[in-house]
Amino acid sequence: MTGLPRLQDLWRRSGSAVWYVPLAVVLFAASLVYRDNGTELGGLPTRPFDALAPVAIALQCLPLAGRRRWPALCFAVVFLGFALDQLRGYHSLAGIALPITLLSVACHLEHHRRATAIAASVAYVPLAVALHRLGPGEPPGEFVTFYLAVALAWGVGSWVRHTRALEDEHRRRVAEDTRAAERARIARELHDVVTHHVTAMVVQAEAARYLTAAPERLEQSLSAVTDTGRRAITDLRHLLDLLNPDHGSEPTTPLAGRLLTLVEQTRRAGQPVEFTEEGTPAEPAGSAGLVAYRVVQESLTNALKYAHGSRTLVRVRHGSGEITVEVGTDGPGPRAPELSGSGRGLAGLRARIDLLGGDFRAQEQQDGGFVVRARIPAGSPS
């Protein structure tokens, strides 16, 4: 399997040396061996090869080796050899090099393509006039037909160029969309990790301002801030490890243990949280476990922001092939800190769950609280 990509890469890097040089050599040799089998334009009688015949054949065949790198120059040399071939009456097999190089001009020439086409058309006119005068007087329609046949090669080259341009544009857009999706995914992960921990630290630090008269509780609050900061650093390191292709994509800690840690951290920030978990997690859970964790994390973050001190319920149920998460608060809370949100967290959760084929709802309650419900199919690939 590893040998095939290497051969393909070698073919792409040395395409002209691998393909065009043998083509030029084979056509040159075949033109010397097989006579009277080439293009005949103008009706001039075929003459035997003389000293100029190999020159005319070489001018038409050998430039094929560089037709991709110097398409316009190679076409000019081939056209000169073709004119010599026809005016001398050799009518060699090398005449097929003319449409080949013209196709290369239309396909590979980056600049002045229209000017090159006009110059080639203008140069064809004196050749056709000279052949008409030197020959038996073939009708002009023959020269027009040959011109249209050669122009078809130009059209084929232009079509190939346009097709390649469309493919390149498609690949560029796919790459841009992939990069944008990856940036959005990383932004969601950073939002979930940073927002929750920083919110908890802000709430804990805000509460510490009112505990100066109770040193033992102040020490406990400051310890909670320190623990939350350490947890944030740990999660950030884990997220950065996930960006490494050699690192595993799934956390090693079971979902239940991570949820308990998250709930305990939120409780230490002053939020009364009741946590219940039912059922047995599916094996393998795929991305469902991580998404369920993010749903609970974002919901508890919002509870700290907008319903600080209010009773919060977290229910996680492992069903047949799915995980159901429900997080709600009883109200806005007696004292909510001044924290603002961007709404990116809920939008990111909805996008994740939709990607897995689940359902997500977030709505306000009549008492001022909120409830988040999510159904996440388990077993989907990461």
Side-chain angles (χ1 to χ4, degrees), residues 188-189 191-193 195-197 199-200 203 231 235 250-251 253-334 336 339 341-380 382:
R188 289 196 300 265
E189 294 293 334
H191 172 274
D192 293 342
V193 172
T195 302
H196 174 78
H197 292 298
T199 299
V203 172
R231 181 64 182 174
D235 286 352
E250 288 295 329
T253 308
L255 176 61
R258 287 181 288 140
L259 289 178
L260 288 175
T261 302
L262 183 63
V263 169
E264 182 60 28
Q265 181 187 29
T266 308
R267 287 171 179 167
R268 296 183 66 180
Q271 190 74 7
V273 181
E274 297 181 11
F275 174 69
T276 58
E277 186 173 17
E278 304 174 1
T280 303
E283 292 294 342
S287 296
L290 179 59
V291 174
Y293 178 83
R294 294 304 187 201
V295 171
V296 176
Q297 185 181 55
E298 178 64 20
S299 301
L300 292 179
T301 301
N302 289 336
L304 285 172
K305 285 182 178 180
Y306 309 115
H308 183 230
S310 180
R311 178 171 170 265
T312 304
L313 302 178
V314 178
R315 296 187 180 91
V316 178
R317 184 174 64 86
H318 301 277
S320 177
E322 65 180 23
I323 301 176
T324 303
V325 178
E326 180 176 344
V327 182
T329 62
D330 290 344
L339 295 173
S342 62
R344 181 179 299 172
L346 294 180
L349 291 178
R350 183 174 286 105
R352 291 178 181 179
I353 295 174
D354 289 343
L355 187 63
L356 296 179
D359 299 323
F360 178 81
R361 289 181 297 169
Q363 58 189 22
E364 294 185 1
Q365 301 284 70
Q366 294 182 353
D367 58 0
F370 68 89
V371 61
V372 173
R373 295 185 178 91
R375 183 187 61 83
I376 309 163
S380 301
S382 178

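Small disclaimer: the values here were computed from a predicted structure and weren't measured. Computation of the quantities below employed the complete heavy-atom set of this structure, encompassing side-chain atoms and omitting hydrogens, waters and symmetry-equivalent molecules.
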Quiz prompt | Trace of the side chain to side chain contact (heavy atoms under 4.5 Å, CB included) decision for Glu278 with Arg315 | solution = CA-CA 8 Å; Glu278 304 174 1; Arg315 296 187 180 91; 5.8 Å; no
Practice problem: Evaluate the side-chain proximity of Tyr306 to Glu364: yes if any heavy-atom separation is below 4.5 Å, no if none is. | Solution: no
Exercise. Write down the atom of Thr329, the atom of Gly369, and the distance for their closest heavy-atom approach.
Key: OG1-CA, 3.4 Å
Quiz prompt | Leu260 CG to Arg267 CZ distance, which is reported to the nearest 0.5 Å | solution = 8.0 Å
Quiz prompt | Exceeds 12 heavy-atom contacts within 6.0 angstrom, atom CD of Glu274 | solution = yes
Quiz item: Are the side chains of Glu326 and Arg317 in touch, meaning some heavy atoms are under 4.5 Å apart?
Solution: no
Practice problem: Flag the pair Asn302 / Val327 as yes when at least one side-chain heavy-atom distance between them is below 4.5 Å, and no otherwise. | Solution: no
Exercise. Report yes or no: does Gln363 contribute a side-chain atom to a donor-acceptor pair with the main-chain N or O of Arg373 at less than 3.5 Å?
Key: no
Practice problem: For residues Ala288 and Ala378, report the shortest heavy-atom separation together with the two atoms involved. | Solution: CB-CA, 3.6 Å
Practice problem: Calculate, to the nearest 0.5 Å, the distance between atoms CD1 and CD1 belonging to Ile376 and Ile323 respectively. | Solution: 6.0 Å
Practice problem: For the residue pair Val372 and Phe360, establish whether any side-chain heavy-atom pair is separated by less than 4.5 Å. | Solution: yes
Exercise. Using modelled atom types only, decide if a donor and an acceptor are shared between the side chain of Gln271 and the backbone of Gly309 within a distance under 3.5 Å.
Key: yes
Quiz prompt | Sole candidate of Leu262, Leu313, Val314 that passes side chain to side chain contact (heavy atoms under 4.5 Å, CB included) when paired with Val273 | solution = Val314
Self-check item: Side-chain (Thr324) to main-chain (Arg375) donor-acceptor, under 3.5 angstrom
Solution: no
Quiz item: Considering all heavy atoms of both residues, which atom of Asp330 and which atom of Ser310 are nearest to each other, and what is their separation?
Solution: N-OG, 3.6 Å
Quiz item: How many angstroms lie between atom CG of Leu259 and atom CD of Gln297, to the nearest 0.5 angstrom?
Solution: 10.0 Å
